[in-house]
Amino acid sequence: MALTGPPAAVPGREDPPDRSPADPPTGGTAEPARPAVGQGGTTDGVSALGRGRPADHVPAAARTRLSTVLAILTVGPLMRMAALRYAVPPGMPSRTGCDACGAPIGLTRPWPALGPTARCGRCRARVGPPPGVVEVAVLAALALLLALAGSSGGALPALAWWLGWTIPAVLVDLAVHRLPDRLTLPAAAGTWLLLGVAALDAEPGHWLRAVLAGVGLASFFASTTLLLGRRGFGLGDAKLALSVGALLGWYGWPVLVIGLLLAFGLSALLSVGLLAARRAHWNTHLPFGPFLLLGTVGALLLSL
């Protein structure tokens, strides 16, 4: 068998071109070939990592929705339980079951009485706050906490604690016109304590201003009770003002003034509307706890 080798030159015909890959120039490297679009490659400026970014946002949004649902399912029954238990006239024992059939209601068997339907599991009568009210309040509280997350100055835990106790207290105030001590006093104690912890990483003047604002506002409400009797604010309002004043005072004196103006302004508007519609008289007593809650939330939102 003959050995193969390079073809011999033929007279009158040019040599065929060399089809072997050319060696890279000295001191450089050959540029790797780019796959064509549609053959597993990507165009310039679009990478696999770039294509994967939208998928990363979907789990984050899903986690946010899941956290919101879990918060409502966890905190909602607790708030409903507190509002149902303490929404009784002064001097009466706390409610422990359905008023219609006497079925016990507790955290060991929360559904459906402590769920969004607010119905007794035995007789299907409505119990506690109206359906969906607590869940909407929890959702609004979560939205407020997210809105203030970047500008809370360390007071976000105190605000979350305050909302957790004040929302059921306001529901009780709407139902029976009283603010129970078992809700207002823990709200004040926890708010002051958490603001004190937040002051460790902030200026000491924040906590001192919060204490002065809480004591001053509570003293004002209590003095109207002593001087005006039933025509003044109740002692429950004064105890709620301990935490309201501290929370607003933490953000500054202007925020405290705005919160009070909003609370009194909303109360005056509602009173005038009820009088015009002949739904109330001059001696009708309106619960002031809801206006303190709305005024506080409004002032904090305006401080953003």
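- A side chain to side chain donor-acceptor pair (under 3.5 Å) check over residues 295-304, counting only residues at least two apart or in different chains, returns nothing.
- In this structure, S271 OG and L286 CG are separated by 4.5 Å, a value rounded to the nearest 0.5 Å.
- Residues D181 and L235 have side chains not in contact (no heavy-atom distance under 4.5 Å, counting atoms from C-beta outward).
- A pairwise comparison of heavy atoms in A241 and L217 identifies CB-CG, 3.8 Å as the closest pair.
- Transitive grouping of hydrophobic side chains (ILVMFWY, heavy atoms separated by less than 4.5 Å) keeps W207 and L200 in distinct clusters.
- Under the 3.5 Å distance criterion, with hydrogens and angles disregarded, no donor-acceptor pair is assigned to the side chains of W162 and T191.
- Listed here is the closest heavy atom pair of G234 and T225: C-OG1, 3.6 Å.
- With a 4.5 Å cut-off on side-chain heavy atoms, R209 and L212 do not count as touching.
- A continuous path of hydrophobic side-chain contacts links V215 to L208 [ILVMFWY only; heavy atoms under 4.5 Å].
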Would you be so kind as to tabulate the donor-acceptor pairs closer than 3.5 Å made by side chains of residues 129-141, with sequence neighbours excluded?
from, atom 1, to, atom 2, distance (Å)
E135, OE1, R80, NH2, 3.4
E135, OE2, R80, NE, 3.4

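- Listed by chain and residue number, H177 satisfy the side-chain contact (heavy atoms from CB on, under 4.5 Å) test with H285 (two or more places apart in sequence, or in another chain).
- L174 and L163 fall within a single hydrophobic cluster, where Ile, Leu, Val, Met, Phe, Trp and Tyr side chains are chained together by heavy-atom contacts under 4.5 Å.
- Remark: L179 pairs with A169, D173, T184, D237, L240 by the side-chain contact (heavy atoms from CB on, under 4.5 Å) rule, at least two apart or across chains.
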Point to revise | L159/L300 under side-chain contact (heavy atoms from CB on, under 4.5 Å): CA gap, chis, key distance, verdict | key: CA-CA 10 Å; L159 177 59; L300 293 179; 3.8 Å; yes

Please set out all donor-acceptor pairs under 3.5 angstrom arising from side-chain atoms of residues 106-122, sequence neighbours excluded.
from, atom 1, to, atom 2, distance (Å)
T117, OG1, P112, O, 3.4
R119, NH1, R124, O, 3.4

Exercise for review: Apply side-chain contact (heavy atoms from CB on, under 4.5 Å) to the pair R231 and T224, showing each step before the final yes or no.
Suggested key: CA-CA 8 Å; R231 291 178 297 174; T224 63; over 6 Å; no

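- In this structure, the separation between CG on L242 and NZ on K239 is 9.5 Å, given to the nearest 0.5 Å.
- Atoms NE2 and CG, on H206 and L195 in that order, are 10.5 Å from each other to the nearest 0.5 Å.
- Ring planes of F233 and F264: perpendicular class, angle over 60° (limits at 30 and 60°).
- Applying the side-chain contact (heavy atoms from CB on, under 4.5 Å) criterion to A160, with sequence neighbours excluded, gives L145.
- Under the 4.5 Å side-chain heavy-atom criterion for Ile, Leu, Val, Met, Phe, Trp and Tyr, L292 and F220 are members of the same hydrophobic cluster.
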Donor-acceptor pairs under 3.5 Å, side chain of residues 246-263 to any protein atom, not counting sequence neighbours: which ones?
none

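- Take R279 and apply the side-chain contact (heavy atoms from CB on, under 4.5 Å) test, not counting sequence neighbours, and it matches L274, A277.
- By the criterion of side-chain heavy atoms lying less than 4.5 angstrom apart, applied directly or through intervening Ile, Leu, Val, Met, Phe, Trp or Tyr residues, V211 is not grouped with L185; the two fall into different hydrophobic clusters.
- Side-chain heavy-atom separations under 4.5 angstrom define the hydrophobic clusters, and the remaining members of the one that includes W282 are L275.
- Chaining together hydrophobic side chains whose heavy atoms lie under 4.5 Å apart leaves L226 on its own.
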What donor-acceptor contacts under 3.5 angstrom involve side-chain atoms of residues 91-103, with partners at least two apart or in another chain?
from, atom 1, to, atom 2, distance (Å)
R95, NE, D99, OD1, 3.1
R95, NE, D99, OD2, 3.1
R95, NH1, L84, O, 2.7
R95, NH1, A87, O, 3.3
R95, NH2, A87, O, 3.3
R95, NH2, D99, OD2, 3.4

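- Counting Ile, Leu, Val, Met, Phe, Trp and Tyr side chains that sit under 4.5 Å apart, directly or through other members, W161 shares a hydrophobic cluster with Y86, W165, V172, V176, L183, L194.
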